[in-house]
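Predicted model, so just to flag it, every value in this text is computed and none were measured.
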Amino acid sequence: MTQDILALAGDFPTLSREAWLALVDKALKGAPFEKKMVTKTHEGFSIQPIYTRADWPSTGDPSGFPGVMPFTRGGTAAGAVLHGWDVRQEHAHPDPTAANAQILTDLERGASSVTLRFDAAGRAGFDSDDAEAADLAGVEGMMIASLDDLDTALAGVFLDGAVVGLQAGAAFEPAAALLAALWARRQIAPAAALGAFNADPLGTLAATGSLPMSAARALSRLGALAAHTARSYPQATAVMVDGAPYHDGGANEVQTLAAVLSTGVAYLRAMEAAGLSVDEAAAQMVFSLPLDADIFLGVAKLRAARRLWARVLEASGASEPSRAMRLHATTARRVLTRRDPWVNMLRGTVSCFAGAVGGADSIAVAPFDAALGVATDFSRRIARNVQVILLEECNLGRVNDPAGGSWYVETLTDRLAREAWSAFQGLEAEGGMVAALESGALAGRIAATWDDRRKAIAKRKDPLTGISEFPNLAEAPVATTPVDLAALRQAATARLSAARRDGVAPGDFAAAIEAVGTGATLGALTRALGDGAALRVPAVAPHVLAEDFEALRDASDDWLAAHGQRPKIFLANLGPVAQHTARATFAKNFFEAGGIEAVAGAGFDEAADCVAAWRDSGAKVAILCSSDGLYETKAEDMARALKAAGVSRLYLAGAPGERRALYDAAGVDAYIQAGSDVLGVLGDLHAHLGLAVEGSAR
């Protein structure tokens with residue numbers, strides 16, 4: 001059969017790229033190829049519609065083999081083929097007891113490791129007398145401030161069988177001491193203890209704009225923690241380089257990778273200063289990269305990251321086996337939406353798929369309701385099962401680097417790596433990551449990139465399903481996990497009052513562990529380990545892609561609560577369904593993306609009928625929807641009649657072309673079409689109707 005297939009293939013001529021381009025030009029009918037067929041990314045890359053062998057070097061394979069330099073194709077020769085990737089679940093329920101129930105459920109039903117995200121007030125020392133910390137609003141994470149709290153959260157968890165990762169911000173060393181003290185309490189042999197302390201002070205500085213100590217002190221404590229971990233806990237890691245603070249701020253993938261590399265170099269230097277060799281320091285590091293809902297860019301990002309870090313370690317003198325990056329992938333928080341959150345299931349699936357194909361060692365999929373508050377049991381189950389299905393049923397781990405050899409992915413990986421390396425060199429030339437954060441230069445560049453992305457979202461060049469495209473104003477609210485934050489804080493304060501011990505002054509990490517074991521709290525240790533030199537820098541302000549549209553929807557909800565109905569726009573459809581349905585559908589999606597309910601009228605032939613239907617709708621504004629042909633014969637009369645009847649703002653769906661002056665004279669106030677500034681039009685209409693929009697919407 002194979003020979004028959006090959007024989008059939010021989011009957012077809014081999015087509016050249018030139019022949020293909022000739023066919024494309026014919027189909028485009030004179031339209032510019034670059035405009036219609038080439039896509040631009042926010043990194044400035046031009047994505048071609050087709051890639052061939054000609055796009056890759058004619059000799060050799062720059063990506064190499066898995067497990068060897070340049071590690072583009074994977075950190076090990078076998079990849080995830082033997083054991084799959086580590087299915088990780090993040091936990092942030094503020095109540096340690098409730099969190100424990102969720103952790104046990106996850107570990108029993110598919111997850112193989114967990115990450116604990118500490119409460120923001122706890123990271124600053126929420127057992128302090130700081131009123132700002134005590135009154136912090138919102139659910140920020142787990143309220144863990146003592147060894148007993150952590151013991152409660154991890155009750156029943158085999159600490160030598162599942163990795164426990166920590167996210168404790170500036171309190172990375174005290175949090176690590178809590179976990180190490182728990183290992184001792186549970187009599188876990190140091191050689192068997194599994195954990196990831198995930199110290200990332202520069203990431204915290206970027207995200208929050210502050211540290212309770214100087215940058216030099218934070219890096220020194222990071223180095224000391226890594227040195228102790230290397231000596232005492234061979235199966236644990238001390239350091240994480242997290243790309244989320246920059247990515248969440250709107251950075252493109254080049255900027256994110258450059259920031260990650262520069263941060264990694266700063267941590268390498270800190271660990272070397274603490275006495276670790278380059279190989280030992282590299283073994284203490286895990287890199288975490290957030291992935292958007294772009295499969296190919298996500299895959300290329302992970303492959304490029306491994307190649308870049310291997311190059312850094314090669315230049316630093318590390319041995320080849322030590323140059324393999326340990327890589328964790330997460331669902332990017334900026335892609336998650338509060339509106340139509342069910343779509344977040346798809347976004348999580350896409351990010352997980354990209355992480356698996358890109359060769360991540362561990363993956364955490366965000367629950368679909370993560371943007372709404374504490375995740376429910378159902379949403380955590382879906383997040384787990386996305387990974388389990390892709391791993392166990394789709395067998396994504398069975399092929400090492402399945403994207404390898406794809407001319408598109410290889411080319412994108414190469415371009416991303418080269419541009420990120422150049423940006424990394426720029427950061428180092430500025431004095432490194434600390435200097436870039438202190439000067440605000442990096443935050444400024446990321447803000448500029450976010451502004452460009454925001455404009456693309458506003459015009460729906462970057463469409464958001466369920467938000468700017470296909471909004472559903474009738475969607476039912478998604479139930480979230482109820483949390484009595486005030487009661488939980490009161491209970492936590494009572495526990496801490498009973499446990500608080502003054503005079504904590506640990507000299508090193510071993511002393512911190514001992515202090516925790518005798519009652520020292522997270523806040524007390526944070527203050528004791530600092531140097532009193534609080535650091536403040538321009539923060540990389542976090543954003544979510546849907547924030548502007550969701551602000552408009554929030555204003556619509558407030559209007560609904562106050563008036564019993566949403567603000568409306570009347571669809572003045574002209575002629576039969578075949579003539580108006582396309583533009584009526586376009587207009588409905590356009591305005592409902594801003595929470596303006598579209599009330600559809602029948603296909604009108606007479607202006608009087610259209611005016612009567614508009615009055616019955618209760619809308620103050622209207623939009624004409626039909627074909628260009630009917631506009632020529634009916635739009636002017638309809639516009640004059642509607643404006644005379646009192647329509648305060650009249651739109652027309654479509655480009656007016658040469659008839660604009662006539663339509664303007666008839667009373668049309670504005671035109672909407674593909675490429676319009678949707679957010680600008682909606683913001684202007686909100687202002688016209690008197691809706692108060694808070695947040696970042698224009």
Side-chain angles (χ1 to χ4, degrees), residues 87-93 102 105-106 109-111 138-139 248 290-295 298 329-356 363-391 393-394 457 460 462-483 543-557 560 566 585 588-598 678-679 682 695 697:
V87 178
R88 187 160 298 183
Q89 194 88 331
E90 296 182 359
H91 288 270
H93 197 297
Q102 294 180 344
T105 297
D106 285 342
R109 299 181 183 179
V139 178
D248 289 346
L291 300 177
D292 288 331
D294 185 324
I295 291 176
T330 66
T331 305
R333 295 287 167 164
R334 73 185 188 187
V335 304
L336 301 179
T337 64
R338 293 185 291 111
R339 303 288 173 167
D340 206 353
W342 307 102
V343 183
N344 291 333
M345 293 186 191
L346 302 179
R347 298 182 179 107
T349 301
V350 169
S351 68
C352 184
F353 185 92
I363 301 174
V365 174
F368 71 86
D369 58 358
L372 298 173
V374 176
T376 61
D377 289 342
F378 175 68
S379 67
R380 287 185 300 102
R381 174 191 172 197
I382 295 298
R384 278 194 321 268
N385 286 351
V386 164
Q387 296 212 54
V388 172
I389 290 171
L390 291 179
L391 180 62
E393 297 185 23
C394 299
I457 294 170
R460 297 198 292 195
D462 290 356
L464 304 174
T465 303
I467 305 296
S468 64
E469 298 277 14
F470 312 110
N472 178 14
L473 294 187
E475 68 178 277
V478 174
T480 58
T481 300
V483 174
H543 295 282
V544 295
L545 303 185
E547 63 186 36
D548 287 335
F549 282 99
E550 290 189 327
L552 294 174
R553 295 282 294 275
D554 290 344
S556 174
D557 285 351
L560 174 63
R566 293 193 184 278
T585 302
K588 175 180 172 65
N589 284 333
F590 188 106
F591 287 100
E592 292 195 345
I596 309 296
E597 182 182 353
V678 181
L679 192 66
L682 292 173

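For Arg333, the salt bridge (Lys or Arg N to Asp or Glu O under 4.0 Å) partners at least two apart in sequence or on another chain are Glu90.
With Ser379 contributing its side chain and Pro367 its backbone, the two residues share no donor-acceptor pair below 3.5 Å. Side chain of Asn344 to backbone of Thr337: a donor-acceptor contact under 3.5 angstrom is found. The backbone N or O of Ala598 sits less than 3.5 Å from a side-chain atom of Glu592, completing a donor-acceptor pair. The main-chain N or O of Cys352 is never found under 3.5 Å from a side-chain atom of Gln387 such that the two would form a donor-acceptor pair. No donor-acceptor pair closer than 3.5 Å links the side chain of Gln102 to the backbone N or O of His93.
Here CG of Asp340 is found 11.5 Å from CG of Leu464. Values are rounded to the nearest 0.5 Å. A distance of 9.0 Å separates CD of Glu393 from CG of Asn385, quoted to the nearest 0.5 Å. For the atom pair OG1 (Thr376) and CZ (Phe368), the distance works out to 5.5 Å, reported to the nearest 0.5 Å. From Arg88, atom CZ reaches atom OG1 of Thr330 across 11.0 Å, with rounding to the nearest 0.5 Å. Summarising the geometry, atom CD1 belonging to Ile457 is positioned 8.0 Å from atom CD belonging to Glu547; distances are rounded to the nearest 0.5 Å. Taken from CZ in Phe378 to OG1 in Thr481, the straight-line distance is 12.5 Å, to the nearest 0.5 Å.
Between Gly348 and Val386 the shortest heavy-atom distance is O-CG1, 4.4 Å. Nearest heavy atoms, Gln89 versus Ala111: CB-CB, 4.3 Å. The heavy-atom pair separating Ala593 from Ile467 by the smallest distance is CB-O, 3.4 Å. Minimum heavy-atom separation, Leu291 to Ser351: CD1-O, 3.3 Å. The nearest pair of heavy atoms linking Leu545 to Val335 is CD1-CG1, 4.1 Å. Closest non-hydrogen pair, Val350 versus Asp292, comes out as CG1-O, 4.4 Å.
Annotation: salt bridge (Lys or Arg N to Asp or Glu O under 4.0 Å) contacts involving residues 363-377, sequence neighbours excluded, comprise Asp377-Arg380.
Contact check for Arg109 versus Arg381: no side-chain heavy atoms found under the 4.5 Å cut-off. At least one side-chain heavy atom of Asp554 sits under 4.5 Å from a side-chain heavy atom of Arg338. At a threshold of 4.5 Å between non-hydrogen side-chain atoms, the residues Thr105 and Arg384 count as touching. Contact check for Phe549 versus Leu682: side-chain heavy atoms found under the 4.5 Å cut-off.
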(message) Could you go through Ile389 and Cys394, starting from their C-alpha distance and side-chain angles, then the distance that decides it, and tell me whether this counts as side chain to side chain contact (heavy atoms under 4.5 Å, CB included)?
(response) CA-CA 6 Å; Ile389 290 171; Cys394 299; 4.2 Å; yes
(request) Could you give me the CA-CA distance, side-chain angles and deciding distance for Leu473 and Arg553, then say whether side chain to side chain contact (heavy atoms under 4.5 Å, CB included) is met? (result) CA-CA 9 Å; Leu473 294 187; Arg553 295 282 294 275; 3.6 Å; yes
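Ion pairing between Arg566 and Asp557 holds under the 4.0 Å rule for side-chain N and carboxylate O.
Side-chain contact of Ser468 with Arg460: a donor-acceptor pair under 3.5 Å is absent, judged by distance alone.
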